[in-house]
Each structure stands twice: as C-alpha cells, then as structure tokens.
Amino acid sequence: MTSLLSVHRALACRITNASVCSTCSSSSRGASTSSLALESIVVSSPSLSFKFVASHGNSHSAAPRVPLLRRRKGQEGEIIRSGVSKRRGCCVAQLGFTADPRVSIERAASALLKDAATLLVYQEVFRAAPAQAFLKILLALRRGDDGLKLLESYGEFFKLMAMGQHTSWEDYVLDAILAGEGNPFAEASANIGNLKSIWSSHGVPASLQAAAASDLDALQRLSITESTLSGWVTDIVADVRPEWRTAAASNLSCKTVRKIPAAAEENSNSFGFSTITAGDGGMVDKAELQSQEEHLSAETSESSDRSHHSIPSLIEQDREEWRKKIGGLWRWSEAVPKLESYYASHSLGLVGSTQVMQWRGGKLARDLKRFARAQTPCDLTIHASQRQALLENLQKHAFGFPAQHTLLCGPSGAGKSWLLNLVLSNLSRTTKLRIVTLPQTELKNVNALLEELARHWQLRFVLEIDDLSSRSGEETFMALKSALDGTYQEWPENVLLSVTSVRPEQIRSGTEEATELKHLFGVVLHLPKLSEEDFILSARELLSYRGKPELDVEDDAKQWLHNCSSCTIRTAAHFVRSII
C-alpha cells in the first residue's frame, strides 16, 4: 500500500509540474515546454494492480486520462510500463473510483441474488414463473452470459409478465407480498381472533415480525424497474435495435407512446416508434430520453379508454390502495404492522385478491368466464319481487348477518340463472362478497371446498350451483345433502348456498324424495313460466337496455313467439339480438 501511495503521489506531482498550456500561463516549472507524452504505469501486487495513464497536450481542455484498475499477477511493488491490457477492469478516476459498467452490473446482479437467497418467510414471492424468469436474468448478468442468452432471458420475463397481466415488476412483488401464501408471518396475522386456530391466543411471534421486516427490505431492493433491468441488458448487448429498447423498458402500466424524433426516423421500425437515440459511442442522453416521453396520440388514448372502460371492483380498488401504502414507504420494513392488519382482514392467497372463483380439480381458481362478462344482466320487471327477496337475503350475508340458503326454482327459461347473476353482479360491485361457482361434476368434493372456504373465516362467500338436476347422479346429491345436514362437518358460517333448479321435486337423493332436499333451503323463490305479455315486456326492456327504447316491436315479438313456440327469457334475448 505504501508503494501504491507513493506512485500515486509521484504521478500527481508529475502532472502538476508538467508544462502549462500557453493559453493558461506562460510559465513552466521543472519540465519541458513540449507536451507530456502518454505514459502508462502499472503497480502490481498479489491481488490488485493499478494502471495509471497520464497525458497533457497543447489543448486548453487537456486533462489527465482516466487511470485503469486491473487485477494482474506480479510482485508487490513492481512497476511495469506497458500498453493497455485487454482484461476487463474498472476505472480509477482522479477523485475516487468509477466502476466499469460490466463489472458494476455483475456486482449489482450478485447483490440482488443474495437478497433473494436471504428471504426467511417470503420465499413464495419467487416461486411463480415471472419471478423465476427475473432471477434467470440476474443469473445471466452475474455470469456474464453472451448477448443472445441475455436477450432470450429478458424476452421470457417480459412475456410472462404480460401474460399474467402484471402492470409492473414492483406491482408483481407487492401483490405477492399481499397474497402471503406459504408465509408463517401472514398465516399468524390472518388467524388473530380465529378461535379455531393455534395462532389465536399467541398472536404474531416477534421472531416472525423481525423476519418479515428483513424480507420486506430485501424485496424492496429487488423491486427494480423494467427500465433499469433492460438497461443492464443493453449496456452489455449494445447493438440491440431502438424499438427493442422501447418495448423492453415498458410495462402494462405505461399509458404513453413516445414518437421517434425526426433525426432518428431513418433508424425507426415500420411502426414508427423508438425509445432511444444513441449518440457517439452508443451513449444515450438520458435528459433527451426523459423529455421525449409525451402524451398519447388521440387515437391511442381513445383505444386505451375503450379497453379500460370497466369500473374496478371494491377488492381491486382496495388492493391498489394497499400497494400504494406499502410501495410509498421509505423502507418497506415499516409496513409490518400494516401487513398484520391487512392479513387479518383480507385473508391470504387467491381468495384475498379475487372476487369470482370456481372450484375445479380440487382447488380454487379464477372464474375466467364470469370475469370476462362485460355487462350486468338487464333488471327485468317480471322478476322484481323475487329479485328484492334474493337481494335482501344475500346482503345480510355480505354484511355479516345471519342469512338463509336460497333455492331458485321454475321451468326452463324462466330466468333463474339470469336473476341470480344479476343480483350477484350488483353485489360484487358494492360489497367484498366472494362468489364461488361449484360445477355439478365437482359436487362430490363439496366437503373439501367447504373446508377450504372455512379457513378464510374473515371473508363471506356465496357458493353458486347452477341448474341442479338429477342428471348428476345419486352419489352427488347424497354428498350435497350430507353437507347441508352437517353429517360430516358443520356448514361454515361464512358460506351461503344459492342454487337454481328446474324441478326440485323430481330430484332424488338415495331413496328419499328431493322435497326433503328442498326443505333444507331457508329461502325458496319460484319463477313462473312467462306469458305473452311478459315476453313482450321483457323484449322492450332488453331493447332499452341496449340503447334502442324507441323501437316498437310488439307485432314482431308476437310473430317471433309464434314461430319459435318457446316463451322464455332466453328466447326474448335472441329476438332482441336479431333486430339490433
């Protein structure tokens, strides 16, 4: 170290005593008036070697060249005059050390991988495919993989994020934190107050709180932006196209598209968009990039508005607020008390973040068919009394008051499913009631479903079975009847059953008539067969619902009804679609 300092001082003195440019001063001390020739001095030690490069020319802007720090083998204190080494290194600036981009990226990626490895209770955050793809990029950066592998890894990460509809990597991490799956800290927090849980009396242990705090800070460091991650890739793979840089640095939360500057149009793609204008040596002017991010064109804004016209549910709004609460903290570890409160009121996993689900293959999954429905069914006058009774019963359950299992029965096409979907859709927009669809093929596993829903004791569920009929088989109905009777386990207080059926008196469970099954429902609503007047009235209301109230369709409706000979809500809907 002594020899290193002495060489550094000698070099500094040599630069100071070098001839001064005539533009600055006419004097020179102890040196020739000619320019100082380029000189390389390397000081080697067993671990590190420092390569100093100094120069001074006749230009007024001349300054000492940036020295290089390199690992080389040699004897301690040995001074070697040599050319520039081809080995990778980092720069030693006149005032301190400046890391070579490749080395600094490798170190940053290694530090993030260490953060991921040190997680104590939030390991599940990195179990899913997008998170695994993120780690794959970090591994490739740390190993210094070739450019093709890096680009492939980033492409996989980008695709998985988009397929999962994750708005950004940080939002993905925050959503995984709020899910709390496989997390003992979240499990303990969610069961505070649950008398059936072992965590009820003990509360959340201090060790789990400390582990959660440590993990949250690590996850905050891991929540880098897509522009940072893609920037690391492009720093190593410098010859990627500008349009790739644009897309790779974006995410689903981006609502702006930056046009290509006029000077860069010749380098643009066929779509006319770019994200980076490279200057000399491939360097990018960040201030210019920031200034280029402008608002959407009118056409893009209109298409964006059309694609996001739906109003988010209370659960979605609430989750967005919680993401902002945690993400806005200076240190995420400060969110430990907030997360305890969140888990206690919202529960864990998919149930905590999803309002519409389906029991399929022995587990809960998002009900994509119901979720994809853009509109709530039309509120028909002929269902007014039944709708009010059904709504009042389900509202009691949604707000934590005692309610009764509900059975909607009537002939085919009377609008049983229509009415149930209408009420549930309205409640999903005004309450946090969860809706779980149970297909008839899964009725034999109803006890497993009830056990799963009972775990989320702080939430309220409606279990929907559509078109219950004797076609499902005797074993199926025996399982449902046993569940309602409480033969094997007590029916959970937080689950309410709503069933539609054509003729419940014809349903049999074993050798007993289904009227006994019917009596297990506290609320039974009968929907009668539609008359001709009901059909015409429903057709008019459906037209008004679709924005065509001025059409007079009475004669056409009668003719349609005469031809199809089926007076149902379904037929009325088909008629309306045929004339719009």
Side-chain angles (χ1 to χ4, degrees), residues 88 90 99-120 122-179 181-182 214-254 258 269 273-276 278 282-284 286 289 323 327 332:
R88 188 172 64 225
C90 59
D100 179 7
R102 181 178 289 271
V103 174
S104 63
I105 290 172
E106 291 179 3
R107 290 175 179 173
S110 181
L112 292 179
L113 287 170
K114 183 180 291 186
D115 282 332
T118 58
L119 296 178
L120 297 172
Y122 278 99
Q123 294 94 334
E124 291 296 322
V125 172
F126 285 94
R127 293 283 193 264
Q132 288 291 307
F134 176 81
L135 294 179
K136 185 178 178 181
I137 298 174
L138 295 183
L139 284 170
L141 290 170
R142 189 188 70 173
R143 292 193 303 254
D145 287 354
D146 62 75
L148 290 179
K149 289 185 178 180
L150 270 176
L151 294 174
E152 289 175 0
S153 299
Y154 195 91
E156 181 183 2
F157 168 73
F158 188 91
K159 180 189 71 173
L160 291 172
M161 289 289 292
M163 289 180 63
Q165 299 183 4
H166 305 294
T167 54
S168 68
W169 169 245
E170 180 177 312
D171 283 350
Y172 172 88
V173 174
L174 289 171
D175 280 336
I177 290 173
L178 293 175
E181 290 185 292
S214 173
D215 285 4
L216 290 171
D217 283 338
L219 291 171
Q220 183 179 14
R221 293 189 292 270
L222 284 158
S223 300
I224 60 176
T225 63
E226 285 82 354
S227 59
T228 298
L229 188 60
S230 63
W232 289 350
V233 175
T234 54
D235 281 346
I236 295 177
V237 190
D239 56 345
V240 295
R241 295 179 61 84
E243 52 266 28
W244 187 94
R245 296 173 184 258
T246 304
S250 66
N251 53 48
L252 295 185
S253 66
C254 295
R258 182 159 40 82
N269 61 358
F273 295 98
S274 178
T275 202
I276 284 185
M283 299 300 292
V284 179
K286 294 184 179 179
L289 289 178
R323 281 199 296 261
W332 286 7

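All values derive from a computational prediction rather than experimental measurement.
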Q. Less than 4.0 Å between a side-chain N and a carboxylate O, is that true for D235 and R102?
A.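 No, R102 and D235 are not salt-bridged.
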Measure across [X] and [Y] and return the closest heavy-atom pair with its distance rounded to 0.1 Å.
X: G147; Y: V237; result: CA-CG2, 3.3 Å
X: P130; Y: M161; result: CB-SD, 3.9 Å
X: R323; Y: D175; result: NH1-OD1, 2.7 Å
X: L160; Y: A133; result: CD1-CB, 3.9 Å
X: L112; Y: L222; result: O-CD2, 3.2 Å

Q) Between S223 and L219, is there a donor-acceptor pair closer than 3.5 Å when you use the side chain of the first and the backbone of the second? A)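 Yes, S223 side chain to L219 backbone: donor-acceptor pair under 3.5 Å.
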Q. Do Q123 side-chain atoms and L120 backbone N/O form a donor-acceptor pair below 3.5 Å?
A.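 Here the side-chain-to-backbone pair exists.
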(Q) Quick check on the 6.0 Å ring-centre criterion: do W244 and Y154 meet it? (A)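 Centroid distance W244-Y154: below 6.0 Å, so yes.
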Taking the side chain as everything from C-beta on, heavy atoms only, tell me whether [X] gets closer than 4.5 Å to [Y].
X: D217; Y: R221; result: yes
X: Y122; Y: L216; result: yes
X: N251; Y: T167; result: no
X: D215; Y: V125; result: no
X: E106; Y: L141; result: no
X: W232; Y: L150; result: no
X: L139; Y: F134; result: no
X: F158; Y: S250; result: yes

(Q) In terms of relative ring orientation, are Y172 and H166 parallel, tilted or perpendicular, with 30° and 60° separating the classes? (A)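 Aromatic pair Y172/H166 classed perpendicular.
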Q: Please work out whether the ring planes of F126 and W169 are parallel, tilted or perpendicular, with thresholds of 30° and 60°.
A: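 Judged by the thresholds at 30° and 60°, the geometry between F126 and W169 is tilted.
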Q. Excluding sequence neighbours, so at least two apart, what forms side-chain contact (heavy atoms from CB on, under 4.5 Å) with T225?
A.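 side-chain contact (heavy atoms from CB on, under 4.5 Å) list for T225, sorted by chain: S227, T228.
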Q) Given the rule in the side-chain contact (heavy atoms from CB on, under 4.5 Å) test, do E226 and S168 qualify, once you have shown the distances and angles that lead to the verdict? A) CA-CA 8 Å; E226 285 82 354; S168 68; 3.8 Å; yes
Q: May I have all residue pairs that pass salt bridge (charged side-chain N to carboxylate O under 4.0 Å, His left out) and include part of residues 146-162, sequence neighbours excluded?
A: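 Those involving residues 146-162 are K136-E156.
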